[in-house]
Amino acid sequence: MSDFSGLTRRRFLVTAGVSAAASVALKGCMGNPPEPTSNTGTSASPNAPAASPVTAADAPEVTTIKLGYIPIVESAPLIIAKEKGFFDKYGMTGVEVSKQANWASARDNVTIGSAGGGIDGGQWQMPMPHLISEGVITNGKKVPMYVLAQLVTQGNGIAVSGIHDGKGLKLDLSGAADYIKNFQSTNGRKFKAAHTFPHVNQDFWIRYWFAAGGVNPGTDIDLLAVPSAETVQGMRNGTMDAFSTGDPWPYRIVADKIGFMAALTEEIWPFHPEEYLAVRADWVDANPKATKALLKAVMEAQQWCDKPENRAELVQIVSARNYFNVPVAILTPPYEGKYTMGDGKAAINDFNAGPLYWKDPRGTVSYPYKSHDLWFLTESVRWGFPLGDMKDFDAIQKVIDKVNREDLWREAATEAGFSDIPTETSRGVETFFDGIKFDPKNPQGYLDSQKIKKA
Ligand code: CA
């Protein structure tokens with residue numbers, strides 16, 4: 001690995017700085033399959049899906065939308081829907097997928113909307129759509145958004161710097177809790193961990209992991225938002241200790257001998273909700289047919305992504321310079337469910353351990369369960385994160401009922417004739433690796449069962 005690690009590192013530092021404009025300018029190069037030239041179903045492209053099901057009655061009100069994405073595995077359904085012609089198939093012939101520099105840019109861009117040069121929606125960590133809707137992370141400006149689908153489960157993990165090899169930093173962290181808590185007395189600084197944006201998924205995953213092991217992420221360590229490239233550089237030079245991150249970073253950190261994987265999120269919470277498709281409510285309300293067309297296309301892309309025989313082509317498409325700009329060799333193992341963990345841990349080799357987009361052994365991945373929105377917001381209460389007017393669980397449930405449009409998902413899936421449509425808005429009781437259970441009917445009981453928390 002050492003001979004190509006320098007190259008990959010340089011490439012990935014460059015990737016972090018790629019602008020949305022550059023991504024547009026570069027579109028279509030790097031060996032992507034030819035895009036379908038027509039949505040009539042008679043396209044000459046061998047990659048075009050079969051006949052378009054769009055009738056005059058369900059023709060979309062508009063054929064364009066601008067969707068933001070972050071170049072990590074979570075965004076694959078949006079890129080595949082674009083590149084494999086699924087948006088075209090459902091009449092959304094002018095969808096633009098726009099690379100966002102980071103989560104803060106995505107938030108700022110959706111706040112101004114595509115009319116102002118921003119985006120209409122796209123890929124989000126949770127509960128960003130709820131926080132944006134309530135003005136919590138937008139300086140009080142409420143921009144109502146709708147959650148339309150879950151994009152992916154799993155594909156994230158906790159990476160640790162190689163300076164901690166052999167110290168017992170693994171899924172069950174309890175054996176290393178004293179080492180982490182005493183780190184300051186022996187090193188002159190606290191154990192330092194990073195995520196890329198506060199109060200959303202990757203912050204939650206690493207907090208859960210620390211707290212389950214007896215380390216208080218609010219007081220025993222420093223935990224902060226740091227850009228990925230800076231975090232990885234810090235892990236390399238010994239100033240950053242842990243990183244809550246998503247594929248392809250975990251593989252890359254191990255391949256480049258920067259550190260090891262302490263845990264994958266699929267070990268912390270098997271088949272957990274990860275990132276979501278959400279769009280501004282004003283766009284959806286004005287364009288209900290286009291919304292369902294968009295959803296059908298994303299759902300069909302998710303089904304395509306989950307076929308093992310399509311994964312090599314998926315990697316070819318998303319690895320391209322205009323998308324992830326990551327070598328095929330780095331992306332292939334996680335897409336096959338293969339993770340080299342490092343630090344003496346057995347490698348993981350299980351297709352169901354990698355990112356899954358449409359179905360997993362618990363059922364649907366794509367359907368946005370309200371019970372999962374509730375977990376993210378309950379976890380926000382646990383850590384005392386700002387929630388604006390969501391002052392109790394009744395208020396939280398009201399916001400979920402407003403923001404989560406599982407009804408639109410259900411309608412779109414039914415119209416498209418897809419199977420695997422859930423009958424409940426709750427996935428039921430969730431069990432974490434440490435035995436803690438989250439019963440969506442009793443979020444307070446979950447909070448009470450957690451020993452380490454702020455609230
Ligand atoms: Ca993620």
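Note: hydrogens, waters and symmetry copies are ignored here, and every other heavy atom, side chains too, is used. This chain uses plain numbering: 1 for the first residue, then up along the sequence. Given the structure is predicted, the values throughout are model-derived calculations rather than measurements.
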Q) For S366 and Q302, does a side-chain donor sit closer than 3.5 Å to a side-chain acceptor? A) yes
**Q.** salt_bridge(E406, R410) N-O dist < 4.0 Å
**A.** yes
Q. Side-chain contact, heavy-atom cut-off 4.5 Å: M92 with I65?
A. yes
**Q.** Heavy-atom side-chain contact between I132 and I137 under 4.5 Å
**A.** yes
Q) Do you see a donor-acceptor pair shorter than 3.5 Å between the side chains of Q397 and D401? A) yes
Q) Can you check whether Y339 reaches N349 side chain to side chain, under 4.5 Å on heavy atoms? A) no
Q.
Set out, in order, the CA-CA distance, both residues' side-chain angles and the distance that settles ring-ring contact (aromatic ring centres under 6.0 Å, His included) for H272 and W205, then state yes or no.
A. CA-CA 10 Å; H272 62 83; W205 305 144; 4.5 Å; yes
Q: Flag yes if more than 12 heavy atoms outside D407 fall under 6.0 Å of its CG atom; otherwise flag no.
A: yes
**Q.** Polar side-chain atom of E267 near backbone of L264 as donor-acceptor pair, under 3.5 Å
**A.** yes
Q. For R189, which of D222, T239, D241 qualifies under side chain to side chain donor-acceptor pair (under 3.5 Å)?
A. D241
Q | Donor-acceptor under 3.5 Å (N201 side chain, E274 main chain) | A | yes
Q. Hey, are Q450 and R382 close enough side-chain-wise for a donor-acceptor pair under 3.5 Å?
A. yes
Q: Can you see which heavy atom on M341 is nearest to which on A346, and at what distance?
A: CG-O, 3.5 Å
Q.
Donor-acceptor check, side chain of R427 to backbone of S371, threshold 3.5 angstrom: yes or no?
A. no
**Q.** E313 CD to K307 NZ distance, which is reported to the nearest 0.5 Å
**A.** 12.0 Å
(Q) So that I can tick it off, tell me whether K142 and D389 are bridged by a salt bridge, with the cut-off set at under 4.0 angstrom between side-chain N and carboxylate O. (A) yes
Q) Quick one: do K338 and E336 make a salt bridge, cutoff under 4.0 Å? A) yes
Q.
Pair F385, F204 - check ring-ring contact (aromatic ring centres under 6.0 Å, His included), show working.
A. CA-CA 11 Å; F385 295 160; F204 292 131; 5.8 Å; yes
Q.
Between D373 and Y276, is there a side-chain donor-acceptor contact under 3.5 Å, judged purely by atom types and distance?
A. no
Q) Are the side chain of Q154 and the backbone of F271 linked by a donor-acceptor contact shorter than 3.5 Å? A) yes
Q | Residue pairs, two or more places apart or on separate chains, that pass ring-ring contact (aromatic ring centres under 6.0 Å, His included) and touch residues 410-429 | A | W358-F418
Q) How about I253 and M235: do any of their side-chain heavy atoms sit closer than 4.5 Å? A) yes
Q. Closest heavy-atom contact between Y146 and A281?
A. CZ-CB, 3.6 Å
Q: Say whether, by atom type as modelled, one donor and one acceptor occur between the side chain of S75 and the main chain of I70 under 3.5 angstrom.
A: yes
Q) Are side-chain N/O atoms of S105 and N102 paired as donor and acceptor at under 3.5 Å? A) yes
(Q) Do Y357 and Q303 pair up side chain to side chain, a donor and an acceptor below 3.5 Å, judged on atom types alone? (A) no
Q: For this output row, return yes or no: ring centroids of F438 and F432 closer than 6.0 angstrom.
A: no
Q: Scan side-chain atoms only and decide if Q123 and E74 contain a donor-acceptor pair under the 3.5 Å cut-off.
A: no
(Q) Donor-acceptor check, side chain of K257 to backbone of G162, threshold 3.5 angstrom: yes or no? (A) no
Q.
What I want to find out is whether D306 reaches R311 closely enough, with some N-O distance under 4.0 Å, to be called a salt bridge.
A. yes
(Q) Using only atom types and a distance under 3.5 Å, with no angle test, would you say the side chain of W209 pairs donor to acceptor with the backbone of K170? (A) yes
Q: Please confirm whether the backbone N or O of W304 pairs with a side-chain atom of K84, one donor and one acceptor, at under 3.5 Å?
A: no
Q | Residues R207, D203: salt bridge by 4.0 Å N-O rule | A | yes
**Q.** Side-chain donor or acceptor of W124 paired with backbone N/O of G122 under 3.5 Å
**A.** yes
**Q.** Under-4.0 Å salt bridge between K437 and E430
**A.** no
Q | Note, I206 side chain near F243 side chain (heavy atom, < 4.5 Å) | A | no
Q. Under 4.0 Å between a Lys/Arg side-chain N and an Asp/Glu carboxylate O for D434 and K451?
A. no
Q: Answer with yes or no whether the side chains of Y446 and W375 bring together a donor and an acceptor at under 3.5 Å.
A: yes
Q) Hey, what do you get for CE (M128) to CD (E275), rounding to the nearest 0.5 Å? A) 9.5 Å
Q | Partner residues of Y369 under the ring pair (Phe, Tyr, Trp, His ring centres under 6.0 Å) criterion, sequence neighbours left out | A | Y367, H372
(Q) With no hydrogens and no angle check, just 3.5 Å: does a side-chain donor-acceptor pair link Q100 and S98? (A) yes
Q) Going through the checks in order, is the salt bridge (charged side-chain N to carboxylate O under 4.0 Å, His left out) test met by K398 and D392? A) CA-CA 10 Å; K398 282 201 181 78; D392 54 33; over 6 Å; no
Q | Other residues, nucleotides, ligands: >12 heavy atoms within 6.0 Å of K359 NZ | A | no
Q. Does F393 reach the side chain of L374, with side-chain heavy atoms less than 4.5 Å apart?
A. yes
Q: Check whether any side-chain heavy atom of E134 sits under 4.5 Å from a side-chain heavy atom of V399, and report yes or no.
A: yes
Q) Using 4.0 Å as the upper bound for N to carboxylate O, is an ion pair formed by E96 and K82? A) no
Q | F183 backbone acceptor or donor facing N187 side chain under 3.5 Å | A | yes
Q: Kindly indicate whether the side chain of Y179, heavy atoms from C-beta on, has any atom under 4.5 Å from the side chain of H164.
A: yes
Q. Do you know which two heavy atoms are closest between F351 and Y335, and how far apart they sit?
A. CE1-O, 3.8 Å
